[in-house]
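The model shown is predicted, which means the values in this text are computed figures rather than measured ones. To find a chain, count down the sequence lines: A is the first, B the second, and so on, and within it residues start at 1.
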Amino acid sequence: MAEPTPLSRYLAILPQTPEERILRLLVQLGMDITHADEGSLLVLDQPSRELVFAMTIGSRESDGTLTGQRIPLGKGITGLAAATGEVQIGAPTFKDIRQRETLGDGPSAVLAAPMLVDDTLIGVITAVSFQPDFRFGAREADLYAGFAAIAGLVVQQRWRLNLQGDSSERPDSNAPTEKERLERSILESIHRIFRMKPERLSEVARLLETVEKLAGSTLG
Amino acid sequence: MTKVPTNLNNWISRRLEELAERQLDPVEVAVLDSGIDATHPDMSGRVTAAYHVELSEDEPRIVQSGRLGNADLFGHGTAVTSIITRLAPNSRIVDIRVLGDDAFGSATALLTGLQYAIERKSRVINLSLAAKAEYAPHLWKLSETAYRQNQIIVAAKRNMPLTDQGYPAEFSSCISVDREKFPIPYRLRFRPGQTIEYSAHGEDVVVAAAGGGYTTKTGTSFATPTVSAFCALLVGAHPDLRPFEIKTILKAFSE
């Protein structure tokens, strides 16, 4: 059995499938339109709270070395895009406000757009430029946000098809199933009531007991 | 009576700048974000307290940070705050970290932080972030409470408005902000008939970088603090102003 790729493992997108090719195409298009040197797609590994490079386009060397590499969720422009659910633009840091002498190395410009499915983060797509004085602007950010939205939709459609078909089509994935999503939604509701309306908790507990009793016969 | 010149935009910008040059009452601005680098020269003495949200299994809680250091994990909060401190010298910043660590992008952290800012009666609350639509009812209640308590929430429009424009920015009890490119920061545009009522300078904005130095930022996150700064100036000059009066004055100041 083939080794799972980051895309297959975390997003249930198998290699050489139309979805994999569309995701690659979206990153490529994003790069071309924004005049970036490199573009990447990173997927979220929820348990380890890390983003994993699933593909890098623009440099064969980067694709070979970056794919599979992990970066912590709570750091940098990519982490910020993941945390806020918003597209983020990064520029170099300068020593003074007149912006002459840069502090540190790194690319001239970075763009990171979150991939969301039903407002839940599944990954981030990035664009990077190494050209001196190059900057991404609002237009590039809007475009990349659009590509990330389409990428999220592609993944969501694949998941829906998997759910409709044989569930065994879904490879070893950490992506939440419909049941897990529902369970999480219920727990989050209870948590919100606990926080916002603690005085109503006993009422909720009684309600849940009733539901449990009603479902008892079918639950066995 | 002050004579209004023909170039109204320049005249308005100059009035705001004059306000910033005056000795105004200090105004507390709560910044709910990724934390602030209080050691950055642009923040010198301006950050009065720092808090963060801890998400435990029992209940989320606000914890005061022991000392004022570099609490910014992403550089976002420092960038946002530097715009407020630059434009409104009378602003006194309270750092409420709701992004990063275990509070990673969590709506619970945002709600807890906002509730705390409302409880401590921060006069202006800057939200350069948005929560998912499912949390809108909770945010609406908090925004209404803030409005009744004479507090002003300035909230960013989502940069990716796929399903909504962002919460709490969609609520009329808040002042909502989109981004635009203006040649100078003391400018504002009113957007009649739109959910997001104002747009401010939010492209290639020079901001302080966490850890030292300066960088440029683009997005609604960086237009929002411009409006928070204007609110701090107006409240500093006229402490009794109500939120609806602030909105009216901002509209009068707008293009």
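For B/Ser199 and B/Asp178, the side-chain atoms include no donor-acceptor pair closer than 3.5 Å. Checking B/Ser82 against B/Thr85 by side-chain atom types alone, no donor-acceptor pair falls below 3.5 Å.
For B/Glu203 and B/Lys181, the salt-bridge test fails: no basic side-chain N is under 4.0 Å from an acidic carboxylate O. A salt bridge between A/Glu19 and A/Arg158 is present, with a side-chain N of the basic residue lying under 4.0 Å from a carboxylate O of the acidic one.
Remark: A/Thr34 OG1 to A/Phe136 CZ distance equals 4.5 Å, nearest 0.5 Å.
Annotation: B/Arg189, atom CZ; neighbour count of heavy atoms from other residues, nucleotides and ligands within 6.0 Å is above 12.
When A/Asp142, A/Val87, A/Ile77 are compared by the number of non-hydrogen pairs under 4.5 Å with chain B, A/Asp142 comes out ahead. Most heavy-atom pairs under 4.5 Å with chain B, from the set A/Ala149, A/Gly146, A/Ala91: that is A/Ala91.
Taking 4.5 Å as the heavy-atom cut-off, the residues of residues 107-116 of chain A that approach chain B are A/Pro114, A/Leu116, ordered by number.
Between B/Tyr214 and B/His40, the ring planes are perpendicular. Angles over 60° get that label, and only those under 30° would be called parallel.
With a 4.5 Å cut-off on non-hydrogen atoms, B/Arg61 does not touch chain A at all.
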